[in-house]
Every structure is written in structure tokens, then in C-alpha cells.
Amino acid sequence: MTFASMPRDGKVVVVMPAYNAARTLERTLRDIPAGSVDEIILTDDCSSDDTIAVARGLGLRVLEHTRNRGYGANQKTCYDAALAAGAEIVVMVHPDYQYDPRVIPFAVGFIRTGICDAIIASRIRTRRETLDGGMPLYKYVANRVLTALENTVFGQNLGDFHSGFRVYRRSVLETISYHSNSDDFIFDTEFLAQAIYYGFRVGDIPIPTRYFAEASSINFARSCRYGIGTLGVMTKYILHRSRIWSFALFASSSRTALHTGTPAEPRG
């Protein structure tokens, strides 16, 4: 059975938060399996290269930020557009070719079958494979430490909390208040914490690690700030779950269609 002939339920929209992705966008699109998605939306965060022209030349729907607003803000625009387009499943793919889009049908399958509500790709299948794929040693060590802590705090068993390839059921986006999240890279950690807080089932699948010159990656200083921010999100989660202190981060969205009322217990 080919991907194109697999059963389809609901619209699948790929969103691409883009920044200076002109050199890698076409390669990324070429690897999306034919027939696996219904629409692709690219949001450009005020790139200084030809990302917008390349995207339009490839026939994509393009949304533009008139100033650089940050990775998290870019995702907010992406998800708003996907929901408005009627997406039932939203796939976030970075257009820098760091994450292999060939896994899209498999990730979407876990959502369609009702096994998971959110899927995150794990770059850490084995230490050797990850390092051979180009992940810097300091990032690998930090990833392992933070992921272990997050699994403990959030009651999960994920292989990689910090991957940029993600798939969400529509109800996840409608329930959590992602507009209250950071406009920077910590957005991803906040989003997962929110999804877990509301009892959504989060799973992972393996994905090859690809680091190269054109692939986006934050530097050491920003990585340190990201690590500190991740610890902050975990602290907020503990305090909020314990009813010691309340945080707007875990308030439900005004768009909530499902999971209304008292937040569900985190699984695990």
C-alpha cells in the first residue's frame, strides 16, 4: 500500500516556521511523501534571504512577518493559519532540512488511529548515531540531562523533549493557550508542558539527526538561556500542579472545543 492510498480522515496541514531557508526549502518539500498532506503553509519571520520568493515559486501559501518576531511567534502564526484552514492534524516541519519529512505519514498515523494526540520526533535513537549526525557534544549532554528531568517532572517517557518536528491533533491547539507562550525557542517546551498538563497523550518516533551549515541551530549562549528557561517551565509546572502558585501558562484557550472544565491529570 502506498502513502497516497492509505485511509485519510481529516485535513492534514504542514506548517513551516521559516527564517533564511531559501537554500534548503526545496529539498525539504521534495522529501514530503506525495499524497501525505493536504496543504503547506510557510510563515517567514522577516528573512534576509530569498525565502519568500523561493516559497512562492514553489507554489506555497506564504505568510510574512514584517519584522523578526522570534521562533515562538512564528509558530503562533503558523498554528493560527492552520486552524483557520480547517486542519484536523497539524505537522510542523522546519524548512531548513534538519528534520526528515519522510516520517510525516508515520507520525500522522499515530494521530489518526487515536494512539496519540501529539507526536514529537526523537533524534536520540543511539548516542553514536546522534553524534555522528552532527549534534554537538554539549548539546547532546544537555539534551540528555534536560530530557531525563522533564520525563520525571512531567511523568512521560519521551526520548527527546527538544526536537523541532512535531505533529498535533486539532484539539490540542484548540485547548491550550499557546498565545501566552514565549516568542522565543522556549515556546516548544512550554507547549509540551501545556499539552501534558491537559492530559493529552504525547508519543515519539525516531528521526535521523542532521546538522550542517544551512540547518538552523542556536549558539552556546542561547542554548544556556534555553536550558535555564526549560528548568523554569518545569518549576512552574510543579508549582501549578501542586496548587502552590497559578500561572497563566496553564490556562485554557478561549478557543477550547474539547477538554473543557477541570484540567485532566497528566498521564504517567
ask   = Of Arg69, Arg225, Arg222, which is the lone residue that meets side-chain hydrogen bond (donor to acceptor under 3.5 Å, both in side chains) with Asp184?
value = Arg222
Carboxylate-amine/guanidinium proximity below 4.0 Å for Arg169 and Asp117 = yes
message = To the nearest 0.5 Å, what is the distance between OG1 on Thr43 and NZ on Lys76?
response = 13.5 Å
query = Does the ring centre of Tyr237 sit less than 6.0 Å away from the ring centre of Phe154?
reply = yes
task = Using the side chain to side chain contact (heavy atoms under 4.5 Å, CB included) rule, take Thr189 and Glu150 through it: C-alpha gap first, then chi angles, then the decisive distance, then the call.
result = CA-CA 9 Å; Thr189 301; Glu150 286 166 298; 3.6 Å; yes
Please table the atom pairs, donor to acceptor, closer than 3.5 Å between any side-chain atom in residues 227-235 and protein atoms at least two apart or in another chain.
residue : atom : partner : partner atom : Å
Thr230  : OG1  : Tyr226  : O            : 3.0
Thr235  : OG1  : Leu231  : O            : 2.9

task = List the steps and the verdict of ring pair (Phe, Tyr, Trp, His ring centres under 6.0 Å) for Phe200 and Tyr168.
result = CA-CA 10 Å; Phe200 288 108; Tyr168 302 119; 9.5 Å; no
remark   = Note: Ala87 and Val13 closest approach over all heavy atoms is CB-CG2, 3.5 Å
query = Do the non-hydrogen side-chain atoms of Tyr197 and Leu249 ever get within less than 4.5 Å of each other?
reply = no
inquiry  = Between Ile124 and Arg144, is the side chain to side chain contact (heavy atoms under 4.5 Å, CB included) condition met? List the steps.
reply    = CA-CA 9 Å; Ile124 319 290; Arg144 296 296 77 213; 3.4 Å; yes
Ile32 and Pro101, any side-chain heavy atoms less than 4.5 Å apart = yes
key: Side-chain donor/acceptor of Asn20 to backbone N/O of Ser48, under 3.5 Å   = yes
ask   = To the nearest 0.5 Å, how far apart are CZ in Arg61 and CZ in Arg56?
value = 12.0 Å
message = What's the separation between atom CZ in Arg241 and atom CD1 in Ile196, rounded to the nearest 0.5 Å?
response = 11.5 Å
query = Can you tell me how far CD1 of Ile238 sits from CD1 of Ile244, rounded to the nearest 0.5 angstrom?
reply = 9.0 Å
ask   = Between Asn151 (side chain) and Thr147 (backbone), is there a donor-acceptor pair under 3.5 Å?
value = yes
request  = Run the numbers on Ile205 and Ser122 for side chain to side chain contact (heavy atoms under 4.5 Å, CB included), then give the verdict.
outcome  = CA-CA 6 Å; Ile205 60 171; Ser122 173; over 6 Å; no
request  = May I ask you to decide if the ring planes of Phe250 and His240 are parallel, tilted or perpendicular, using 30° and 60° as cut-offs?
outcome  = tilted
inquiry  = Measuring only between side-chain heavy atoms, which start at C-beta, is Arg166 closer than 4.5 Å to Val93?
reply    = no
ask   = Counting only N and O atoms by type, is there a donor-acceptor contact under 3.5 Å from the side chain of Arg27 to the main-chain atoms of Asp96?
value = no
inquiry  = Closer than 3.5 angstrom, by distance alone: can the side chain of Tyr97 be matched with the main-chain N or O of Leu29 as a donor-acceptor pair?
reply    = no
message = Please determine whether a side-chain nitrogen of the Lys or Arg among Asp160 and Arg123 lies less than 4.0 Å from a carboxylate oxygen of the Asp or Glu.
response = yes
message = Tell me whether Lys236 contacts the main-chain N or O of Trp245 through its side chain, where contact means a donor paired with an acceptor under 3.5 Å.
response = no
query = Counting distance only, does the side-chain N/O of Asp100 pair as donor-acceptor with the main-chain N or O of Ile207 below 3.5 Å?
reply = no
Nearest atoms (heavy-atom pairs only) where Thr51 meets Ala18 = CG2-CB, 4.0 Å
Atom of Pro95, atom of Thr28 and distance for their closest heavy-atom approach = O-OG1, 3.3 Å
query = Charged N to carboxylate O below 4.0 Å: is that the case for Arg23 and Asp49?
reply = no
key: Flag, side chain of Asp44 to backbone of Ser47, donor-acceptor distance under 3.5 Å   = yes
ask   = Under a 4.5 Å cut-off applied to non-hydrogen side-chain atoms, are Val91 and Val12 in contact?
value = yes
message = As an exercise, state the distance from CG of Leu173 to OG of Ser253, rounded to the nearest 0.5 Å.
response = 9.5 Å
inquiry  = Do Tyr79 and Val15 make a side-chain contact, defined as non-hydrogen atoms from C-beta onward lying under 4.5 Å apart?
reply    = yes
inquiry  = Do Leu58 and Leu25 have side chains that approach each other closer than 4.5 Å (heavy atoms only, starting at C-beta)?
reply    = yes
task = Would you mind reporting whether Tyr178 and Gln75 have side-chain heavy atoms less than 4.5 Å apart?
result = no
Student check: side-chain heavy atoms of Ser36 and Pro105 closer than 4.5 Å = yes
query = If you measure from the Lys or Arg side-chain nitrogens to the Asp or Glu carboxylate oxygens, is any gap between Arg112 and Glu88 under 4.0 Å?
reply = no
key: Residues Tyr71, Phe187; criterion ring pair (Phe, Tyr, Trp, His ring centres under 6.0 Å); working and verdict   = CA-CA 8 Å; Tyr71 173 65; Phe187 175 97; 7.3 Å; no
query = Between Asp80 and Thr77, does any side-chain donor sit less than 3.5 Å from a side-chain acceptor?
reply = no
query = Counting only heavy atoms not in Glu39, do more than 12 sit closer than 6.0 Å to its CD atom?
reply = yes
inquiry  = Is it the case that the side chains of His162 and Asn143 hold a donor-acceptor pair, with the cut-off being a distance below 3.5 Å and no angle test?
reply    = no
query = At what distance, to the nearest 0.5 angstrom, does CZ of Phe191 lie from OG of Ser177?
reply = 10.5 Å
inquiry  = If you compare all heavy atoms of Asn68 against all heavy atoms of Tyr19, which two are closest, and at what distance to 0.1 Å?
reply    = ND2-CE1, 3.4 Å
query = What are the two closest heavy atoms between Gln194 and Ser180, and how far apart are they?
reply = NE2-OG, 3.9 Å
key: Exercise: identify the closest heavy-atom pair between Pro17 and His94   = CG-CD2, 4.2 Å
inquiry  = I'd like to know whether CZ of Phe110 has more than 12 heavy-atom contacts from other residues, nucleotides or ligands below 6.0 angstrom.
reply    = no
request  = Start with the C-alpha distance between Ile40 and Met16, add both sets of side-chain angles, then the distance that settles side chain to side chain contact (heavy atoms under 4.5 Å, CB included), and finish with yes or no.
outcome  = CA-CA 8 Å; Ile40 301 173; Met16 292 185 167; 4.3 Å; yes
